[in-house]
J.: 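Submitted below is the structure of interest, expressed as structure tokens.
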Amino acid sequence: MAESAALTAVINQAVQIGANLIVETGSRMYRLKEDIEWIGSKMRHFKSCLKDAESKQGGSYEVANLINEMRDLALDIEDILDTYLPEIESHKGKGPFRFVKHAACILCYGATANTFARKIERIKRRAQDIEATRERCRINLDTDGGNADMDVWDRRKKFLVAPESIFVGRKDTLQEVKEKLRSSDLDCKMICIVGDAGVGKTTVGKNIYKEVQSEFTSSALVYVSNEPRVPELLLEIAKQVGLEKEKMEENLEANLCSLLNEKRCLIFLDDIWTNETWDEFKNVIPINSRNCSRIIITSRYTHVGRYIGGESSLIELKLLDQEKSWELFSESMKSSSENMSERFPPKELEDIAKKIVKRCGGLPLAIVVAVGMLRQRRRNKHAWNEVLDILSTSSENNCSKILSLSYKDLPPDLRPFFLYFGLFPEDEEIFVSDLCKAWLAEKLIRDDGNRNPDEIVAAKLEMLSDRNLIQVSMRHLDGRVQSCRIHDLLHVFCIEMAEENNFFCTSHNTHSNSFSMLRRLTIDNTSQYSFSNSKTPKLRTLLCFSNSGEEMSLIPNEIGNLSSLTCLMLRGKFQKIPSTIRNLKKLVTLDIGYAEFGCQLPRTILRMKHLKHLILGDAMFESNKCTKLNVRNEVCLPNIETLHCVPDYILKARSLQKLSNLRELSLCWINEEHLNVLSGKTPISEKLCNLELIEIMQFKRLNLSHYDHLTRLALEGFFCVTPDIIEFPPNLIYLSISLTEFTEDPMKVLKELPRLEILLLAYNIHGQPITLDFSGENSFPELQVLSIRSFTLGGFPELIVDQIGMPKLYKFVCSEKDLNVPERLREIMLVESSSIEEWYL
């Protein structure tokens, strides 16, 4: 919903600017502060009447026009703030005479400030007209306002993973498929699950895959979709089945085919649309393996399944009958409650509920989305009859109407976050970290220093998950969503709604009449798009997903013309990033963590002073070509808050000391100089709360005891570690140690951390048998989740556990179910491969 997104962005921007304007009454800046406060207050006022306005716009052109006027006003205010405030800021100096750098700036400052004031006066007149229309149309304000604390995910919440009730009515099908997969009959080498969109093919296939994958030497699951990037999918299969890195980099298809012929493999290809797509796979994935390998395929088209595996391979999922539909509805409603003994739905609502279920037409997706909508409403006849009445009078097909109704039932605040999923490709696994940095750049969420933005995002995603509008793929060990997907039908719906509301455009609709007002754009081929600021002068967010197979997409020099761009995300293969990227003066987020480049990156990226979030991957930067003292080659990112995957040759130790706004830092291949700076008398940043250190061969000491705000720490690739050479932060909540060589039990130190709640030990190394002692009084007083994954050398360690240590532990995650672990841990053990929702860090 474009209007809610615009109002939210302006409110957050006004609050942020207002917080930075500490000025005296009577000064020239005081009027500016008053204008900023007025903007924030008026936008909140308009936002509070959106819900009632929408409910009344159906039969009123004037109300519909009112909503559009509020949106346009908010967008114009955003443009004014983005245009004039940086100019005003640029004329300010520092010190007691900070408002004027020198005499020449007095006129510049005054002219800019006066222009800004005139613009705001026009805005105020438009706001008065809008307010008069609101009163005339009797649009009510939402006085509830909501509880701000509800927008923050509670990390203390114990996530009880509910049974996947989607399997109601599918038990016979599940058993049939499992028997075929386990059969020694070579004619059963392939299973093709077919059926309409939303009927549950992926869910059934994933359940079968997870249940039987331990019976195979290797396994792989990939999502194919309508526009597949087959080379990338083959690479992903290679990674999952364990093909060596060298063999992936050269002759991938031949090497992968050879490996799959040697091993007994289970391959799950989800959502194949065409025969031609299968033709690209079948040259690599052997269909006549003698090792009893099996292939599971899903497709919404029966003729595709028949082409791939023949008539005998087909498993057709049909719509549920009324009895099974009701059972699915009831179980889904019940699973959303902590009181599992409570009756769902209540007796007095049963007749209405059955009529709603009938309107779902036996489609599981429609049923669970209806459940997600109903459980957010009051449990009374009036609230549920509203849903039934709309479904009963609709001329659309049942599924489309239910999706539309569920979207309209979302709080206006939540709709932009749902629509954002349409910016990503179909069947894409979307990580919370990607969403967070994009939403921060767009000011859809605000980092005020009090609430962790990741937890705000987690709360939004939980709301969407509760309504069954997104599917959680992975969770962190503390329960927060780590990644998610959206169903194909809902993805199409997102795109339709976004284009209807001018929330974003795709590369297939770049000739829209309102393109000049566009804020967000997603494209799949940069080579075919003209980066012209005159064409999209207001573009804030650009997502590029290269979909050109083995060829590398070209990012033209003209990308530097997008003067309003705040967020740029690249995925896939590109020739290079042009040096003109330095012209993007308003860029806040640059995310290239999952992109490959044919050329080295320009060092100008490292001197973009407005950049707050920089996520790098494996790409290399161009060689040092600059001058004397290398001053221009140093990292100069004074506003940077997030810096991921930065190699040591780029971020020198002396530059690290200058990044005083850092909140998240991931540093690769670090050296002794970096550790000395990190261990210095004062923190590199008082705001640092998340630190990841990767790959260090030898070091003498690491002292993080003075980082009071550091709550998350990940150490990977440390060698020769003894407990006494690392001093941990006092307020650490989450600790991950992986690929690290222990010479003695690190629990001697870790058990004394007073606030540690989550501990992960993964793929660590020890040359001789080692014991991990978790026992004793005052041992791990706050630890709630312990995860131990396979130790490589020396075998799995002996674990010492008693009834006193770890008094708050409620979850033990382990990679192997047959290990000899203490009984207390076995009672709360979750084996990763058997969990319904994957748990990761």
Side-chain angles (χ1 to χ4, degrees), residues 16 19-20 432-434 436-441 443 445-457 566-567 587-593 603 605-617 621 633-696 702-716 726-736:
Q16 182 177 346
N20 294 330
V432 170
S433 56
D434 298 336
C436 183
K437 301 306 181 286
W439 293 351
L440 280 169
K443 306 179 188 73
I445 60 174
R446 185 166 60 92
D447 183 1
D448 58 7
N450 297 318
R451 301 182 298 174
N452 188 325
D454 285 338
E455 294 186 356
I456 298 173
V457 173
T566 61
C567 178
L587 196 66
V588 173
T589 294
L590 176 59
D591 184 348
I592 55 177
R603 284 183 176 252
I605 290 174
L606 304 174
R607 302 186 64 80
M608 298 178 69
K609 295 185 178 181
H610 284 86
L611 209 58
K612 289 187 177 181
H613 310 287
L614 177 57
I615 294 90
L616 301 171
F621 280 84
N633 288 299
E634 286 194 21
V635 172
C636 182
L637 299 167
N639 291 299
I640 201 72
E641 297 176 6
T642 304
L643 202 49
H644 280 188
C645 300
V646 188
D648 65 324
Y649 74 91
I650 288 297
L651 186 59
K652 303 296 184 183
R654 61 175 177 263
S655 297
L656 191 59
Q657 293 174 303
K658 301 175 183 178
L659 307 180
S660 59
N661 288 306
L662 266 181
R663 295 176 59 89
E664 299 180 30
L665 173 63
S666 173
L667 191 56
C668 307
W669 308 298
I670 56 180
N671 56 45
E672 193 75 24
E673 290 183 14
H674 290 99
L675 294 182
N676 289 337
V677 171
L678 287 169
S679 303
K681 292 183 179 180
T682 57
I684 58 171
S685 169
E686 295 287 352
K687 303 174 183 178
L688 191 66
C689 58
N690 192 338
L691 176 63
E692 182 180 36
L693 301 176
I694 302 172
E695 299 268 336
I696 178 167
L702 175 61
N703 183 1
L704 301 174
S705 61
H706 49 302
Y707 287 81
D708 292 338
H709 293 94
L710 186 56
T711 58
R712 296 178 66 86
L713 176 63
L715 304 176
E716 179 181 323
I726 300 179
E727 293 186 52
F728 291 93
N731 297 311
L732 200 61
I733 292 174
Y734 159 84
L735 174 62
S736 168

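As the structure is a computational prediction, the values presented were derived from the model and not from experiment. Quick note: residue numbers are just sequence positions, from 1.
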J.: Which pair of non-hydrogen atoms, one from Pro730 and one from Leu704, has the smallest distance, and what is that distance?
T.: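 So the minimum-distance heavy-atom pair works out to CD-O, 4.4 Å.
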J.: Do Leu702 and Leu693 pass the side chain to side chain contact (heavy atoms under 4.5 Å, CB included) test, and can you show the C-alpha distance, the side-chain angles, and the key distance before you say yes or no?
T.: CA-CA 11 Å; Leu702 175 61; Leu693 301 176; 3.9 Å; yes
J.: Looking only at side-chain N and O atoms, does His644 offer a donor or acceptor that is under 3.5 Å from a partner on Ser666?
T.: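 Side-chain D/A pair, Ser666 to His644: absent.
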J.: Would a 4.5 Å heavy-atom cut-off, applied to side chains only, mark Ile650 and Val635 as touching?
T.: yes
J.: Between Tyr734 (side chain) and Ala714 (backbone), is there a donor-acceptor pair under 3.5 Å?
T.: no
J.: So does Val457 get a backbone contact from the side chain of Asp454, meaning a donor-acceptor N/O pair under 3.5 Å?
T.: no
J.: Can you tell if the side chain of Leu667 reaches within under 4.5 Å of the side chain of Ile694, non-hydrogen atoms only?
T.: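 Of all side-chain heavy-atom pairs linking Ile694 with Leu667, none is under 4.5 Å.
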J.: How many angstroms lie between atom NZ of Lys658 and atom CD1 of Ile640, to the nearest 0.5 angstrom?
T.: 15.5 Å
J.: Tell me, do Lys609 and Pro638 make a side-chain contact under 4.5 Å, heavy atoms counted?
T.: yes
J.: Compare all side-chain heavy atoms of Leu651 with those of Leu665 and state whether any distance is below 4.5 angstrom.
T.: yes
J.: If I take atom CG from residue Leu732 and atom OG1 from residue Thr711, how far apart are they, to the nearest 0.5 angstrom?
T.: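 Output value for this atom pair is 7.5 Å.
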J.: Out of curiosity, Leu637 CG to Asn661 CG, how far, rounded to the nearest 0.5 Å?
T.: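 Spacing of CG (Leu637) from CG (Asn661) equals 11.0 Å.
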J.: Using modelled atom types and a 3.5 Å cut-off, is there a donor and acceptor pairing between side-chain atoms of Ser705 and backbone atoms of Glu727?
T.: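 No.
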J.: To the nearest 0.5 Å, what is the distance between OG (Ser655) and CD1 (Ile684)?
T.: 11.5 Å
J.: Using the side chain to side chain contact (heavy atoms under 4.5 Å, CB included) criterion, which residues pair with His706? Sequence neighbours excluded.
T.: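 Testing His706 for side chain to side chain contact (heavy atoms under 4.5 Å, CB included), a comparison that skips the adjacent residues, returns Pro683, Asn703.
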J.: Nearest heavy-atom pair of Leu616 and Phe621: which atoms, and what distance?
T.: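 In this case the closest contact between Leu616 and Phe621 is CD1-CE1, 3.8 Å.
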J.: So which atom in His674 and which in Ala653 form the shortest heavy-atom distance, rounded to 0.1 Å?
T.: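 For His674 and Ala653, the tightest heavy-atom pair comes out as NE2-N, 3.9 Å.
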J.: Which heavy atom of His610 sits nearest to which heavy atom of Asn639, and what is that distance?
T.: CA-ND2, 4.2 Å
J.: Between His613 and Asp591, does the side chain to side chain contact (heavy atoms under 4.5 Å, CB included) criterion hold? Intermediate values first, please.
T.: CA-CA 8 Å; His613 310 287; Asp591 184 348; over 6 Å; no
J.: Answer yes if the side chains of Glu686 and His709 hold a donor-acceptor pair under 3.5 Å, and no otherwise.
T.: no
J.: Closest approach of Met608 and Leu587, non-hydrogen atoms and distance?
T.: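 It is CE-CD2, 3.8 Å.
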J.: Closest approach of Leu710 and Pro729, non-hydrogen atoms and distance?
T.: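 Smallest interatomic distance, heavy atoms only, reads CD2-CG, 3.5 Å.
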J.: Heavy-atom distance under 4.5 Å between the side chains of Val677 and Arg654, does that happen here?
T.: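 No; the side chains remain at least 4.5 Å from each other.
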J.: Take Arg663 and Ser685, measure what side chain to side chain contact (heavy atoms under 4.5 Å, CB included) needs, and give me the verdict at the end.
T.: CA-CA 8 Å; Arg663 295 176 59 89; Ser685 169; over 6 Å; no
J.: Measure the spacing between SG of Cys645 and CH2 of Trp669 and express it to the nearest 0.5 Å.
T.: 8.0 Å
J.: Once rounded to the nearest 0.5 Å, what's the spacing between atom CG of Leu678 and atom CG of Leu656?
T.: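 Those atoms lie 5.5 Å apart.
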J.: Test side chain to side chain contact (heavy atoms under 4.5 Å, CB included) on Leu440 and Cys567; report intermediate values, then the result.
T.: CA-CA 9 Å; Leu440 280 169; Cys567 178; over 6 Å; no
